[in-house]
Amino acid sequence: MTSVTPMERIWFIVNLIPHGSVLPYGIVADLAGLPGRARYVSRALKLAPDSLALPWHRVINSQGKISFAKDTEPYRQQQELLRLEGITVNAGKISLSQYQWKPDLATLVMTLPF
DNA sequence: ATCCTGACTCAAA
DNA sequence: TTTTGAGCCAGGA
């Protein structure tokens, strides 16, 4: 009996976000089957082992903004990683209508380990 | 159990 | 459009 923990579900979803795309915390939670737990997503990313090499920078908040204070190193790092994928931060925001990943749900569900 | 914290969200102002 | 405030929900002290 293999059990997939809530945190592992989140890591799984984040790992699926394509290069050049982003996804809000709340949507990641929804796709992971954990509606209403956006804050849990941020915690899961913080605790994720580096060995997983998750594309954590592709997760932003629902307002299209990076959720780190803009005068911090993590903020600058995330902004740079996104820039390398062709995603620009204008006036502190990222265009969700332009970059948000919209997976084919029917296909996605079949790939889920949960 | 109680209180505080946070890589969140939504609605109201 | 930006800022607040209340709501939210695990974790940790």
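The sequence lines fix the lettering, A, B, ..., with proteins before strands; numbering per chain opens at 1.
A/L81 is not listed as a side-chain neighbour of A/I87, based on a closest heavy-atom distance of 4.5 Å or more. Proximity of A/Y75 to A/V89: side-chain heavy atoms (C-beta onward) are separated by under 4.5 Å at one or more points.
Screening residues 97-107 of chain A for side chain to side chain donor-acceptor pair (under 3.5 Å) gives A/S95-A/S97, A/D104-A/T107 as the qualifying pairs, with residues at least two apart or on separate chains. Evaluation of the side chain to side chain donor-acceptor pair (under 3.5 Å) test over residues 19-37 of chain A, restricted to residues two or more places apart or in two chains, returns none.
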Would you list the protein and nucleotides 6-9 of chain C atom pairs, both N or O, that sit under 3.5 Å from each other?
none

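Note: A/L108 CG to A/I13 CD1 = 5.0 Å, rounded to the nearest 0.5 Å.
When the side-chain contact (heavy atoms from CB on, under 4.5 Å) test is applied to A/A91, no partner is found at least two apart in sequence or on another chain. Among residues two or more places apart in sequence or in another chain, the side-chain contact (heavy atoms from CB on, under 4.5 Å) test is passed with A/S62 by none. Partners of A/R83 according to the side-chain hydrogen bond (donor to acceptor under 3.5 Å, both in side chains) rule, which considers only residues two or more places apart in sequence or in another chain, are A/E80. Annotation: side-chain hydrogen bond (donor to acceptor under 3.5 Å, both in side chains) contacts of A/T5 (sequence neighbours excluded): A/E8. Considering only residues two or more places apart in sequence or on other chains, A/R9 meets the side-chain contact (heavy atoms from CB on, under 4.5 Å) condition with A/V4, A/A32, A/F114.
Contacts of residues 86-95 of chain A with DNA chain B (heavy atom under 4.0 Å): none. Contact check of residues 59-77 of chain A against DNA chain C (heavy atom, cut-off under 4.0 Å) returns no residues at all.
For DNA chain B, the span of nucleotides reached by chain A at under 4.0 Å from its heavy atoms goes, 5' to 3', from B/dG6 to B/dC10.
In terms of hydrophobic clustering, with Ile, Leu, Val, Met, Phe, Trp and Tyr side chains grouped at heavy-atom distances under 4.5 Å, A/L105 and A/L34 are assigned to a common cluster.
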For residues 44-61 of chain A, which side-chain donor-acceptor pairs fall under 3.5 Å, sequence neighbours excluded?
{"from": "A/H57", "atom 1": "NE2", "to": "A/E85", "atom 2": "OE2", "distance (Å)": "2.9"}
{"from": "A/R58", "atom 1": "NE", "to": "A/E85", "atom 2": "OE1", "distance (Å)": "3.0"}
{"from": "A/R58", "atom 1": "NE", "to": "A/E85", "atom 2": "OE2", "distance (Å)": "3.1"}
{"from": "A/R58", "atom 1": "NH1", "to": "A/I17", "atom 2": "O", "distance (Å)": "2.7"}
{"from": "A/R58", "atom 1": "NH2", "to": "A/E85", "atom 2": "OE2", "distance (Å)": "2.7"}
{"from": "A/N61", "atom 1": "OD1", "to": "A/Q63", "atom 2": "N", "distance (Å)": "2.8"}
{"from": "A/N61", "atom 1": "OD1", "to": "A/G64", "atom 2": "N", "distance (Å)": "3.2"}
{"from": "A/N61", "atom 1": "OD1", "to": "A/K65", "atom 2": "N", "distance (Å)": "3.0"}
{"from": "A/N61", "atom 1": "ND2", "to": "A/K65", "atom 2": "O", "distance (Å)": "3.2"}
{"from": "A/N61", "atom 1": "ND2", "to": "A/S67", "atom 2": "OG", "distance (Å)": "3.2"}

